[in-house]
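Predicted, not measured: the structure shown is a model, and the values here were computed from it.
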Amino acid sequence: MSVAPDDIEAAKASVAIEDYYHEGRLFPPSETFKAQAILTDRSLYEAAASDWEGFWAEQAEQLDWFERWRSVCDWDQPFAKWFVGGKLNVSYNCLDRHVLAGNGGRVAYYWEGEPGDRRVITYSELLDEVEHFASALRSLGVSKGDRVAIYLPMIPEIVVSMLACARIGAPHSVVFGGFSPDALRDRINDAAAKVLVTSDGGWRRGAATPLFENAASILAETPSIEHVVVVRRTGEDVSGLMRAGRDHFWHDLVAGANPHCPPEPMDAEDLLYLLYTSGTTAKPKGIMHTTGGYLTQVAFSHRYVFDLRPESDVFWCAADCGWVTGHSYIVYGPLANGCTGVMYEGTPDFPAKDRWWEIVERYRVTTLYTAPTAIRTFIKWGTEYPAAHDLTSLRLLGSVGEPINPEAWVWYWENIGGGRCPVVDTWWQTETGAILIAPLPGVTTLKPGSATFPLPGIEAEVVDDAGRQVERGGGYLTLTRPWPAMLRGIYGDLERYRETYWTRFPGRYFAGDGAKVDDDGYLWFVGRVDDVMNISGHRISTTEVESALVDHPSVAESAVVGAKDETTGQGIVAFVTLKAGIKASAEHARELRDHVARRIGPIARPKALIFTEELPKTRSGKIMRRLLRDVAEGRDLGDTTTLADAGVVEEIRRRAQTSPTED
Ligand code: PRX
C-alpha cells in the first residue's frame, strides 16, 4: 500500500490521540457465563502456539473432506495455499452433512421480510432449494469456474444463490443491493460474470427499490452476461424490461429443475467467491477467497468467538449479505456449524424504532452481532425501545466494522445485554475473510473499546514507521504469519495484491489500520491510516468519491476526506472546485451529492460539500488532505508552511463554517 508522508503524519497524530477515552472498568467472564461456555481456559492459545500447523489441521478436520490434504500450509510469501490437495464442497459442508446427521429438521433461518412476511427454513428445505437452483444454473450453461453475479436484497434466495454457486463450483460475486447500476456494471465486467441473479426489487422503509430496473439499465454494457435470473419479491411488473432468451423468472427455472444436483468436489484452493471492496484507488478490488481455508476459519471463528451451541443458539448477524460480514457470519460460518440464524430484510426503524428488539424477542435470539454505528443510533433513539421488549434470551453480543467507543460498548452491555452478556469486539476485513482479533468470551477479560488479542493461530504485531515492533504504544497493525481465510489475491491483478498489502512493511501483511497496544498488551484500533473512509462500518475510498465528483461536467477538481461523525463513525466531506463560469449554490451542491449517490450508491453521498476556489496543495502539487480533515473536523490547523498559498486555507475554513450539512 503506498502511504504518502502526509498520511503517515496524520496516522501518527491520530494514534497518539490521548483523548481516546479509556473506560477503566474490566469485565472478566462472569461465573454464570463460564458455567455454560464451550471454552474457559487458554488451551486453544497454547495448542496454536505449540503446533501452529497441527492446530489449523485440527480445525480443518471439523469439516467433511472428500479427500484429505497433503500439506497444511504452503507459504511462498505473499502467496499462501492451505490444505493443499484437499477436496471438499462448501455447500455439502453447510447443508448435506447436517441433513445426513439427522439434523435436517433444524431451522437454518428465521427470515423476516420488511413488510412483516416471514419464513422458517429448515436445513432440509434449504438443501432442497439449493439443489434446485444449482441445477437451474447448470441448465443455463454455468459450469465450474464460471462467475455468477448476485444483486439481491436480503431474501432467502440470496443465500440459496450463494450456496448453489458453491455447489457447482461457480464463484459468486455478490454486489450489495444498495450499489448503483454503474457500480454493478463495473463489478460484473471486472469478473466477466456469465449470469446475473437479481430481483424485481427489495423493500426498504416501505418502498420498493428497483433492482432489476437498475440492472436492465446497464445490461447493454456487460457483454459477458448470457442470462439473468429474476426473483419476484415486490411484485413490480418488470416483464416489459425482460428480454426473451436472456432473462428468466427464478420460479419458472426452479419449477422445471432437476431436484438432485450432486456437489462438485472442489480443490481446497479453488475460488469460492469474489467480493469487491474499496481500496486507495478509484477502482474497487475483487478480493479472492478460496474454499478449504476460508470455510475452516469462518467455522472456527464463529464457533469460538460466539461461544456457539448449535443445538440451542439463535444467531443474528444483522449485516447484509452484500458485505463480507454477511458472507462469513450470516452464511458460511453459521451454516458450516449447523446453527440457527435470523435474517432480516429491512432497516431498524421500520415500521418503528423497536423493530430489532421485536425480532430478538420473537425468535428468542441468543447472540446479536452488529456494528457500532447501529449501537450509536440506538443510543440516540433512547432506551425506551429496547426496554419495551423481553431481551432475556440474549447471552452474547458482538461488534464489528469500526472502532467501538467505550461509551457505546457500555451502553450495549447494559441496555441490550442487561449486564449479563459479554460484548466481543471483532476486528477483521474483507481481505482477512474471518475474524482475526477478538476476545474469547469465556476466557478473556474484556475492556470496553478494545478488540483485545489475536485469536489462537493468528500472529499480529503493531509496528512503527520503520517496521519495528512496538511493544507498547501506537503504530500500524501488521500480520506476521498467513492465516487460512486470507485473501488469495486481487482478481486479475496479482501484482496489485503484493503492492497493496505486502510492500509497506516487508514480510508483513499491512491492514491499513492504526492500532495501539496498552500496558496490558490489549489492542485498540484507532481507524484507517490510508485514504479509505469508514462510513457506518462500510469502506469507501476517498479517491472513488473524488473520481465520481470530477466525472460531473461542472467539476474541475475535488478532494474528499472522512471527518469524525458521532453516529456513523466518519462522514464524507467533499471539497469541490467548479469549472470557470459555473456558479456555486446550495442546489448545485445537492446535485453533486446526488450525482455521487447515482455513480456509487447512496452510502457514498457526501454529508457536506464545500465549494472552494482552490484546494490547498503542497509546493509539489499534492493536495493536503490532512489539512482538509482538520478543517472538516474544526481543528486548529497548526503549521501550514508547506502550503503553496496559505491564504487558500483561511478561505476554505470560512466556507466550511457556512456550508450546510445534510443529515
Ligand atoms: O479499519 C478496519 C475496520 O474496517 C476495515 C475493514 O472493512 P471491511 O473490509 O469493509 O470489513 C468490515 C467488516 C469486517 C478494517 O480495516 N474495522 C473492522 N472491524 C473493526 C474495525 N476497526 C476497529 N475495530 C473493529 N472491530
Side-chain angles (χ1 to χ4, degrees), residues 59-60 62-65 88-111 119-134 150 152 154-169 171-172 174 261 263-264 266 272-273 275 289-306 308-344 363 365-367 369 398 433-435 484-485:
Q59 304 316 321
Q62 308 303 310
L63 302 176
D64 275 13
W65 295 74
L88 75 166
N89 181 281
V90 165
S91 94
Y92 179 89
N93 272 280
C94 289
L95 301 169
D96 306 56
R97 69 170 174 149
H98 305 312
V99 174
L100 291 169
N103 291 324
R106 186 179 290 168
V107 173
Y109 293 105
Y110 291 111
W111 176 77
R119 279 187 67 189
V120 178
I121 307 161
T122 64
Y123 274 88
S124 296
E125 288 162 350
L126 190 57
L127 173 58
D128 184 57
E129 292 198 25
V130 167
E131 289 205 73
H132 275 88
F133 191 58
I150 300 173
L152 283 172
M154 282 290 286
I155 54 178
E157 287 81 356
I158 193 166
V159 179
V160 174
S161 306
M162 291 164 77
L163 292 167
C165 287
R167 195 163 190 88
I168 63 173
H172 55 71
V174 179
C261 182
E264 187 80 38
M266 301 298 287
L272 175 63
Y273 68 79
L275 186 58
H289 281 298
T290 57
T291 303
Y294 175 79
L295 197 65
T296 295
Q297 201 177 347
V298 292
F300 158 77
S301 53
H302 179 250
R303 181 176 315 122
Y304 288 106
V305 172
F306 298 107
L308 190 71
R309 275 182 264 136
E311 58 300 329
S312 56
D313 274 342
V314 177
F315 181 82
W316 184 15
C317 167
D320 190 290
C321 287
W323 309 104
V324 74
T325 311
H327 282 62
S328 300
Y329 299 105
I330 293 176
V331 185
Y332 293 119
L335 293 179
N337 287 330
C339 93
T340 296
V342 169
M343 242 182 111
Y344 171 51
Y363 300 111
V365 171
T366 58
T367 317
Y369 189 33
I435 299 169

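The nearest pair of heavy atoms linking C261 to E131 is N-OE1, 2.7 Å. In this structure, C94 and A336 approach most closely via the heavy-atom pair SG-N, 3.8 Å. The shortest non-hydrogen separation linking V174 to L275 is O-CD1, 3.6 Å. Residues T122 and G104 approach most closely at CB-O, 3.3 Å, considering heavy atoms. Taking every heavy atom of both residues into account, P334 and S328 meet most closely at CD-O, 3.5 Å.
In this structure, the ring-ring contact (aromatic ring centres under 6.0 Å, His included) partners of Y363, at least two apart in sequence or on a different chain, are Y110. With sequence neighbours excluded, the residues forming a side-chain contact (heavy atoms from CB on, under 4.5 Å) with A108 are Y123, L126, L335, listed by chain and number. Shown here are the ring-ring contact (aromatic ring centres under 6.0 Å, His included) partners of W111, two or more places apart in sequence or in another chain: there are none. Contacts of F133 classified as ring-ring contact (aromatic ring centres under 6.0 Å, His included), with partners at least two apart in sequence or in another chain: W250. For D96, the salt bridge (Lys or Arg N to Asp or Glu O under 4.0 Å) criterion is met by R167, not counting sequence neighbours. Considering only residues two or more places apart in sequence or on other chains, E264 meets the salt bridge (Lys or Arg N to Asp or Glu O under 4.0 Å) condition with R138. Considering only residues two or more places apart in sequence or on other chains, H289 meets the ring-ring contact (aromatic ring centres under 6.0 Å, His included) condition with Y273, Y294. Not counting sequence neighbours, the partners of A60 by the side-chain contact (heavy atoms from CB on, under 4.5 Å) test are W65, W69, F83, T296.
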Criterion side chain to side chain contact (heavy atoms under 4.5 Å, CB included) on V107 and I121, from CA distance to verdict: CA-CA 6 Å; V107 173; I121 307 161; over 6 Å; no
Steps toward side chain to side chain contact (heavy atoms under 4.5 Å, CB included) verdict (D64, L88): CA-CA 7 Å; D64 275 13; L88 75 166; over 6 Å; no
Please report the C-alpha distance between Y92 and L163 in whole Å, then the side-chain angles of each, then the deciding distance to 0.1 Å, and finally whether the side chain to side chain contact (heavy atoms under 4.5 Å, CB included) criterion is met. CA-CA 9 Å; Y92 179 89; L163 292 167; over 6 Å; no
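The list of salt bridge (charged side-chain N to carboxylate O under 4.0 Å, His left out) pairs with a residue in residues 309-332, not counting sequence neighbours, reads D313-R395. Applying the side-chain hydrogen bond (donor to acceptor under 3.5 Å, both in side chains) test to pairs two or more places apart or on separate chains, those with a residue in residues 329-340 are H172-Y332, S301-Y329, H302-N337, R303-N337.
Taking 4.5 Å as the limit, every side-chain heavy atom of F300 sits out of range of all side-chain heavy atoms of Q62. Taking 4.5 Å as the limit, every side-chain heavy atom of V314 sits out of range of all side-chain heavy atoms of T367. I435 places a side-chain heavy atom less than 4.5 Å from the side chain of Y369. Two residues are said to be in side-chain contact when any heavy atoms from C-beta on lie closer than 4.5 Å; L63 and L295 meet this criterion. At a threshold of 4.5 Å between non-hydrogen side-chain atoms, the residues Y109 and E125 do not count as touching. At least one side-chain heavy atom of V331 sits under 4.5 Å from a side-chain heavy atom of V159. A 4.5 Å side-chain heavy-atom check between F315 and T366 finds every atom pair outside the cut-off.
Atom CD1 of I155 and atom CE of M343 lie 8.0 Å apart (nearest 0.5 Å). Here CG of L272 is found 8.0 Å from OG1 of T290. Values are rounded to the nearest 0.5 Å. Between the OG atom in S124 and the CD atom in E129 there is a gap of 11.5 Å [rounded to 0.5 Å]. To the nearest 0.5 angstrom, M154 atom CE is 4.0 Å from C321 atom SG.
Formation of a donor-acceptor pair under 3.5 Å by the N89 side chain with backbone atoms of M266 is not found in this model.
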